[in-house]
Amino acid sequence: MADRPKLDVIRNIGLMAHIDAGKTTTTERILFYSGKVHKMGEVDKGTATMDWMSQEQERGITITSAATTCIWRNCVINIIDTPGHVDFTVEVERSLRILDGAVGIFCAVAGVQPQSETVWRQADRYNIPRIAYVNKMDRVGADFFRVVKMIENRLGSNTVPVQLPLGVEETFNGVIDVINRKAYVYEDEMGVKYRERDLSGKEINEVEEHRNILLEKLAEYDDNILEKYLEGQDISVNEIKNSLRKLTIEGKLVPILCGSSFKNKGVQMLLDAVVDYLPSPLDVPPIRGIIPATGEEVRKKADIDSPMCALAFKVVTDPYVGKLTYFRIYSGKITTGTCVVNSRKDKKERITQILKMHANHREKMEEAFAGDIVAGVGLKDTTTGDTLCSEEDPVLLEAIDFPEPVIDIAIEPKSKADQEKIEESLRCLAEEDPTFKTRYDQETGQMLISGMGELHLDIIIDRLLKEFKVNANVGKPQVAYKETIKRKARAEAKFEKQAGGRGQYAHVILELDSLSQGEGKHFTNKSSPEDIPKEFVPAVEVGVREALQAGILAGYPVDDLQISLLGGSYHETDSTEQAFKIAASMALKEALNNAQPVLLEPIMDIEVVCPEEYVGEVISDLNSRRGRIQGIEDNRESKIIKATVPLAETFGYATSLRSLSQGRACFSMHIKSYAEVPEAKAKEIIAGRYGLPV
C-alpha cells in the first residue's frame with residue numbers, strides 16, 4: 001500500500017489464550033492466507049514465523065509477544081501474538097494496554113483453561129472488544145457448544161455464535177455462517193480452496209434457531225432490529241453485521257467462530273470477522289492522559305493532524321540495531337530524526353530510525369502515523385510504560401502496572417572478568433522485562449534474580465548464557481518471601497558523629513502502620529520545616545526505602561506499610577543528607593521491631609485436571625502441601641480440582657503428579673496473593689536463612 005491507509009481501515013489486534021490453544025499456529029495461517037508469507041511454519045517443528053527466539057523454537061512455546069502486519073480485504077491488520085504461559089503474563093498485559101481489539105482462542109476440547117481466564121480478565125480490565133475463536137475442532141473430544149457455554153459461565157460474557165461447525169472431530173471440514181445462511185466446505189489440505197454451498201436438511205433448522213438467538217440478542221440493545229424482528233420483517237445481512245459490530249465494540253456481545261488452524265480450516269472467516277467486528281482506532285474511546293505541569297486530564301483522539309502522542313510498551317535488545325523500543329502512536333505522526341519528549345522522565349529523545357516489525361524482521365519507514373504500532377531506534381532513556389509526545393503539547397499517559405516477581409535464583413559470575421558483563425546483561429534484560437528484577441541479598445551477599453516462575457527464570461538464564469555469553473554459576477530456585485507488619489509502631493533515632501571539624505547530626509521520628517495486601521509502600525511527610533528542613537526530607541525517604549529492602553526477620557524485602565515522618569531535629573552546620581539517611585534507616589529498623597513483623601509467602605491458584613480414579617490421591621497430596629481445596633468440577637471423563645497452595649510447596653509438583661496419576665494428570669497455576677506464613681513454618685524459614693537449628 002503506497003498510500004497512507006485511513007484510520008478506519010486499521011485494526012490493532014492481539015491473539016490471546018491459554019498455552020497450546022493455537023495462537024501462534026493461527027497467526028501463521030493468517031500470514032499465509034493474507035499473502036504475508038508464502039510457506040506456513042509449524043510450532044512443533046520450530047519453524048513458526050512469530051516464534052523466532054531459539055528458546056521458543058526449542059520448547060515449542062511463545063515466550064515474547066511478537067508484532068506483525070498483514071492486509072485483508074484492504075484493511076491493515078497489526079497483530080500481536082502473545083504468550084499463553086502464566087510466567088509471561090507481562091507480555092499479555094503490555095500488549096493489551098495498546099491494542100484496540102483481541103481474539104480469544106479456545107481449545108475445542110479443553111475449553112476455558114486457567115490462563116485463558118486470566119487473559120480474559122486482563123482484557124476486561126482494559127475494556128478490550130473481543131471475538132472468540134474455538135480452535136482444534138478436528139480433535140477427538142471437540143465440542144463447540146460446550147466451549148460456548150464455558151465462555152458464558154466462567155468468563156461471564158454474553159456470547160453469540162456467528163458460525164457453527166460443519167462436522168466434528170475427523171469429519172470437521174468447514175463452517176456454517178449463521179448470518180449469511182451459507183456453508184463453506186474446504187476442498188484441499190492447504191485450506192486455500194473452499195466452496196460456498198446452500199444449507200440442507202438439519203442444517204437449515206439449526207441455523208435458523210441460532211440466527212433467531214442472534215437477532216434476539218441484537219434486539220435487546222438495538223431498537224431498529226427490535227422493531228423489524230417484532231414485525232416479522234426481513235433483516236438484511238448488512239444490518240445484522242453493523243449492529244453486531246457496534247455491540248462488539250461496546251463490549252456487550254462476543255461473536256464466536258470456530259475452525260481448525262492446524263488443519264487450515266476457518267482462518268479466512270476469522271480474518272473476515274476481525275475486519276467486520278473489531279474496532280478501528282476511530283471506534284475506541286480517546287486515550288486519557290494528564291498535562292504534566294498542571295495535572296489536568298486530557299483526552300487524545302486518533303487523529304493524524306493532532307500533536308504526536310505515543311506509549312512505549314516494550315523494549316528489546318536487538319543484536320543488529322541495539323535497543324529497540326516498541327510504541328503505539330495514538331495521535332499525530334512521527335518522522336525519522338524527530339526529537340520527542342519522554343514526559344514521564346522529562347527527557348528529550350531522538351528517534352534515529354522507525355521500523356515496521358514482522359516478528360524479528362525489520363522494515364525501515366520514513367514516518368509513522370496515529371494508529372501505527374512501530375519500533376524506534378535511538379531512544380536511550382525510554383522504558384516500558386513511558387509516554388512519548390511532542391515538545392509543544394506535553395501529555396502523560398497512564399503507565400502499565402506489573403505484578404511483583406515470586407521466585408528468586410542466586411547467580412554469581414565465574415570470574416572477576418564476568419562481573420561487569422553479568423551486571424550489564426542483567427540490566428539489559430530488566431529493561432526488556434519489567435517482571436524481572438535483580439537485587440543483592442544483604443544477609444547472604446548473593447546477587448539474586450527474581451521472576452514470575454521457574455520457566456521464566458530458566459529462559460532468562462538460557463539467554464544470559466547463550467545470547468549474552470555470560471559465564472555464571474546458578475543456584476536453585478527459592479521462594480521470594482516478603483516481610484510486613486501487623487500493628488502500628490513508632491520509633492526515633494539520632495545519628496551523631498564528631499571526628500574533628502564538621503560533625504554529622506540527624507534526628508528522625510517515624511511511625512509505621514500496616515496496609516492491606518498489595519498496597520505497597522507509602523511514605524508521607526508530616527513533620528514541620530522547623531523540625532526537619534524540606535531539603536532533608538528526600539534523604540529520609542531514601543534511607544527508609546533502602547532499609548525496607550531487607551527486613552529484620554530474615555532479610556526479605558518489607559512491603560504493604562505506611563511510613564510517616566512525624567518530626568525530629570537538625571543542626572545548623574552538622575546536619576547532612578547522609579546523616580538523615582542513616583538516622584531514617586536506624587529509626588525504621590527499630591520501628592519494625594516494635595510493629596510485630598511477620599513473613600509473607602506467595603500463594604498460588606492451582607488447577608489439576610485428572611481422571612476420576614486419582615482424585616483422592618491428588619487431594620491428599622495437595623493437603624500435605626498446605627493446600628486448600630476450593631472445589632471440584634466435572635470435565636467429561638476427568639475432574640478439575642481447584643485449590644490454593646503456597647508456592648514453596650509446589651517445587652517438584654509436576655514429577656509427583658505424574659507418579660500419582662501414572663502420567664495422566666496435568667496442572668497449571670498462577671499467583672493469587674501473598675499471605676502470612678504459619679508461625680512454625682516461619683521459624684523454620686528464618687532458622688534456615690541463618691543456618692541455625694530449627
Side-chain angles (χ1 to χ4, degrees), residues 13-52 56-63 66 68 70 72 77 79-85 102-113 115-116 119 131-144 146-148 150-151 163-176 184-194 256-274 359 666:
I13 66 156
L15 270 58
M16 57 182 206
H18 188 87
I19 192 167
D20 208 28
K23 294 178 300 301
T24 303
T25 302
T26 303
T27 311
E28 207 64 31
R29 272 50 179 176
I30 286 172
L31 296 175
F32 177 74
Y33 296 125
S34 63
K36 185 76 182 183
V37 297
H38 302 294
K39 186 183 175 201
M40 284 187 256
E42 300 297 350
V43 174
D44 54 356
K45 291 178 184 171
T47 55
T49 308
M50 305 301 270
D51 283 353
W52 56 270
E56 294 177 312
Q57 291 164 358
E58 285 164 15
R59 292 165 174 81
I61 61 167
T62 302
I63 290 165
T68 189
C70 68
W72 186 258
I77 305 175
I79 304 167
I80 294 185
D81 174 28
T82 64
H85 198 286
V103 178
I105 299 180
F106 298 88
C107 170
V109 183
V112 176
Q113 295 165 279
Q115 188 60 10
S116 41
V119 295
I131 58 178
Y133 173 66
V134 180
N135 190 24
K136 305 193 179 185
M137 284 304 306
D138 62 302
R139 293 268 297 271
V140 175
D143 187 335
F144 176 72
R146 174 176 164 269
V147 179
V148 171
M150 286 178 86
I151 295 170
Q163 286 180 356
L164 303 175
L166 202 55
V168 70
E169 299 180 354
E170 70 276 5
T171 64
F172 177 73
N173 68 341
V175 297
I176 297 171
Y184 297 93
V185 185
Y186 281 85
E187 296 184 321
D188 69 329
E189 270 194 25
M190 293 298 284
V192 176
K193 291 181 189 168
Y194 58 90
I256 301 198
L257 301 94
C258 59
S260 168
S261 299
F262 186 63
K263 292 294 174 71
N264 311 316
K265 295 178 175 69
V267 177
Q268 295 96 328
M269 294 79 184
L270 174 62
L271 275 166
D272 285 338
V274 166
C666 61

So which heavy atom on Ser261 is nearest to which on Tyr133, and how close? OG-OH, 3.0 Å

Nearest 0.5 Å please: distance from the CD atom of Glu169 over to the CG atom of Asp143. 9.0 Å

Where is the tightest heavy-atom contact between Ala110 and Arg146, given as atom of each residue plus distance? O-NH2, 4.2 Å

Thr82 (side chain) donor-acceptor with Leu15 (main chain) under 3.5 angstrom: yes

From CE (Met16) to CD1 (Ile80), nearest 0.5 Å: 13.0 Å

Before you tell me yes or no, could you show the steps for Phe144 and Val168 under side-chain contact (heavy atoms from CB on, under 4.5 Å), namely the whole-Å CA-CA distance, both residues' side-chain angles and the distance that decides it to 0.1 Å? CA-CA 9 Å; Phe144 176 72; Val168 70; over 6 Å; no

Within the distance-only criterion (no hydrogens, no angle test), does the side chain of Thr25 pair as donor or acceptor with the backbone N or O of Gly22 below 3.5 angstrom? no

Specify the closest pair of heavy atoms between Leu270 and Leu257, including all atoms of both residues, with the distance to one decimal. CA-CD2, 4.2 Å

Is it true that a side-chain atom of Asp188 and a backbone atom of Lys193 form a donor plus acceptor pair closer than 3.5 Å? yes

Once you round to the nearest 0.5 Å, how far does NZ of Lys263 lie from CD of Glu170? 9.5 Å

Side chains of Ile151 and Phe106, heavy atoms from C-beta outward: is any pair under 4.5 Å? yes

Is the backbone of Ala17 close enough, under 3.5 Å, to the side chain of Gln115 for a donor and an acceptor to pair up by distance? no

Any idea which heavy atoms bring Phe172 and Gly259 closest together, and the distance? CZ-CA, 3.7 Å

Out of curiosity, Ile256 CD1 to Ile131 CD1, how far, rounded to the nearest 0.5 Å? 10.5 Å

Using modelled atom types and a 3.5 Å cut-off, is there a donor and acceptor pairing between side-chain atoms of Asn173 and backbone atoms of Val185? no

Residue pair Pro165 / Cys258: nearest heavy atoms and the distance that separates them: N-SG, 3.6 Å

Ala108 and Met137: which non-hydrogen atoms are nearest, and at how many Å? CB-SD, 3.6 Å

Just by modelled atom types, is the Ile30 backbone N or O under 3.5 Å from a matching donor or acceptor in the Ser34 side chain? yes

So Gln268 and Tyr186, side-chain contact (heavy atoms from CB on, under 4.5 Å) or not? Walk me through it. CA-CA 11 Å; Gln268 295 96 328; Tyr186 281 85; 2.7 Å; yes

As a quick check of understanding, evaluate side-chain contact (heavy atoms from CB on, under 4.5 Å) for Glu189 and Asn264, giving each step before the final call. CA-CA 7 Å; Glu189 270 194 25; Asn264 311 316; 5.5 Å; no

Quick one: pull up CZ in Arg29 and CZ in Phe262 and give me the separation to the nearest 0.5 Å. 6.5 Å

Could you walk me through whether Tyr184 and Gln163 satisfy the side-chain hydrogen bond (donor to acceptor under 3.5 Å, both in side chains) test, starting with their C-alpha distance in whole Å, then the side-chain angles of each, then the deciding distance to 0.1 Å, before giving a yes or no? CA-CA 10 Å; Tyr184 297 93; Gln163 286 180 356; over 6 Å; no

Does Lys36, at its NZ atom, have more than 12 non-hydrogen atoms belonging to other residues, nucleotides or ligands within less than 6.0 Å? yes

Considering only heavy atoms from C-beta outward, does the side chain of Lys136 approach that of Asp20 to under 4.5 Å? yes

List the steps, then state whether side-chain contact (heavy atoms from CB on, under 4.5 Å) holds for Ile79 with Cys70. CA-CA 8 Å; Ile79 304 167; Cys70 68; 4.0 Å; yes

Sorted by chain and number, sequence neighbours left out, ring pair (Phe, Tyr, Trp, His ring centres under 6.0 Å) with Tyr33 holds for none

